[in-house]
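Okay, so here's the structure we're looking at.
Ligands are counted one by one from 1 in listed order, and the atoms in each one are counted from 1 as well.
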Amino acid sequence: MKQILGIHHITAIAGDPQTNLDFYAGVLGLRLVNVTVNFDDPGTYHLYYGDGVGHPGTILTFFPWPHAPQGRRGTGQVTGTAFAIAENAVDYWTDRLAARSIAFKGPFDRFSEQVISFSDPDGMGVELIATGTTRNDRAYQAGPVPLEFAVRGFHSATLSQADHRETVALLTDTMRFKLVAQEGDRFRYAVDSGEPAGLVDVLRAPNERPGRVLVGTVHHIAWRTADDDQQRSWRTELTRLNYGVSPVMDRKYFHSIYYREPGGILFEIATDPPGFSVDEAPEELGSKLVLPPWLEPERASLEAVLPPLRLPARQEASV
Ligand code: ZN
């Protein structure tokens with residue numbers, strides 16, 4: 001039977017690619033696991049961050065659009081991208097952010113866990129949530145942050161909605177999330193997969209303005225499914241329910257279908273396989289510009305228009 005296993009990846013829009021790389025690899029200590037281009041717009045980068053191998057559930061990706069306007073956080077958007085950290089890592093992170101003059105809120109309590117909340121350099125909402133259920137094997141083992149404090153994949157994401165009811169119906173009736181907690185206008189749902197990154201919060205925000213998806217906002221959220229067969233079943237069911245589901249797209253590292261949930265957020269269902277080792281050895285991930293076969297003939301012209309990137313120290317190599 002088909003099942004959503006949790007969050008697969010979250011994709012957002014950044015401004016300057018180097019600023020984005022310095023923040024996510026340098027400050028948050030994620031691994032740059034893949035440097036490629038946006039397959040739908042090959043003159044721009046697509047940067048993937050994750051744990052050491054880019055496990056589903058750890059992957060945050062960006063389309064850097066240096067000349068695009070600033071977006072606006074609001075309803076119909078993923079307004080919070082939360083990473084998991086260990087319970088003993090809170091002081092380490094408040095110190096680390098303070099030492100880099102990054103303003104943050106917290107730690108404050110949410111569902112009995114400690115939350116540190118801040119914005120990335122483009123204004124995107126990021127959280128670190130201390131939880132007792134993190135997995136060491138979802139951290140970047142060789143990253144710049146000591147392993148015991150390192151980010152361990154996603155904790156959850158927050159979906160903001162002016163009217164949350166139809167979004168909730170999709171999550172619970174169709175995608176089989178279950179309500180596990182509520183605090184005020186925040187409703188927490190979980191999938192019963194036994195996998196990390198299985199939580200999503202729906203935030204009821206009737207007085208907020210609708211968001212605008214541009215620089216500093218999340219473009220879409222992808223949910224994990226085990227394989228192509230399950231993805232086909234999801235596509236059949238969502239089509240029957242009149243979601244305008246895309247055809248299956250080959251994203252090289254996973255296969256994807258896209259549909260818009262009733263509140264306006266772009267959802268994707270992505271397969272676990274084949275993963276990032278399909279075209280790079282694990283130790284080489286993120287060390288150079290990787291192109292899909294159909295764009296390889298255009299490598300020279302693409303490299304001429306893509307801005308140069310200075311990789312983080314532990315990943316030194318030319319892109
Ligand atoms: Zn995606």
Side-chain angles (χ1 to χ4, degrees), residues 4-14 17 20 24 30-42 44-51 53-65 68 71 76-83 120 122 124 126 153-154 156-159 170-171 175 191 195 197-198 200 211 213-228 230-232 234-235 238 243-261 263-276 278-279 285-286 290-292 295:
I4 296 295
L5 300 171
I7 299 170
H8 185 288
H9 65 269
I10 293 174
T11 293
I13 302 170
N20 181 261
Y24 285 98
L30 306 181
R31 182 171 189 184
L32 178 67
V33 290
N34 193 251
V35 183
T36 185
V37 294
N38 182 345
F39 292 178
D40 300 325
D41 180 15
T44 59
Y45 280 120
H46 193 179
L47 305 179
Y48 289 73
Y49 304 94
D51 66 0
V53 299
H55 279 112
T58 72
I59 309 162
L60 177 62
T61 95
F62 286 92
F63 300 133
W65 294 347
Q77 269 188 348
V78 177
T79 52
T81 295
F83 291 103
D120 83 356
D122 292 306
M124 187 179 114
V126 180
F154 291 125
S156 57
T158 297
L159 318 182
L170 170 63
L171 289 171
M175 297 171 67
V191 276
E195 291 286 305
V200 62
V213 176
L214 275 165
V215 172
T217 65
V218 170
H219 185 270
H220 65 265
I221 181 166
W223 310 101
R224 287 176 63 190
T225 196
D227 54 36
D228 291 329
Q230 292 201 23
Q231 184 177 63
R232 264 190 294 277
W234 281 114
R235 188 165 189 282
L238 290 161
Y243 289 97
V245 190
S246 77
V248 176
M249 313 272 222
D250 180 3
R251 298 314 195 190
K252 198 172 175 194
Y253 309 107
F254 40 84
H255 302 146
S256 300
I257 57 172
Y258 301 85
Y259 55 107
R260 210 166 277 283
E261 59 84 28
I265 301 173
L266 186 60
F267 277 8
E268 171 182 346
I269 293 178
T271 54
D272 275 7
F276 291 94
V278 69
D279 61 3
L285 291 176
V290 176
L291 295 174
L295 288 173

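Among residues two or more places apart in sequence or in another chain, the salt bridge (Lys or Arg N to Asp or Glu O under 4.0 Å) test is passed with R251 by D40. P42 pairs by the side-chain contact (heavy atoms from CB on, under 4.5 Å) definition with V37, L295, L302, not counting sequence neighbours. Every residue two or more places apart in sequence or in another chain that forms a side-chain contact (heavy atoms from CB on, under 4.5 Å) with V53 is listed here: D51, H55.
A donor atom on one side chain and an acceptor atom on the other are found under 3.5 Å apart for T61 and T11. Judged by distance alone, the side chains of E268 and S256 do bring a donor and an acceptor atom under 3.5 Å apart.
Listed by chain and number, H9 NE2, H220 NE2, E268 OE1 are the protein N/O/S atoms closer than 2.8 Å to the Zn ion (ligand 1), with waters left out.
For the pair A157 and V78, the tightest heavy-atom approach, listed with the atom from each and the gap, is CB-CG1, 4.1 Å.
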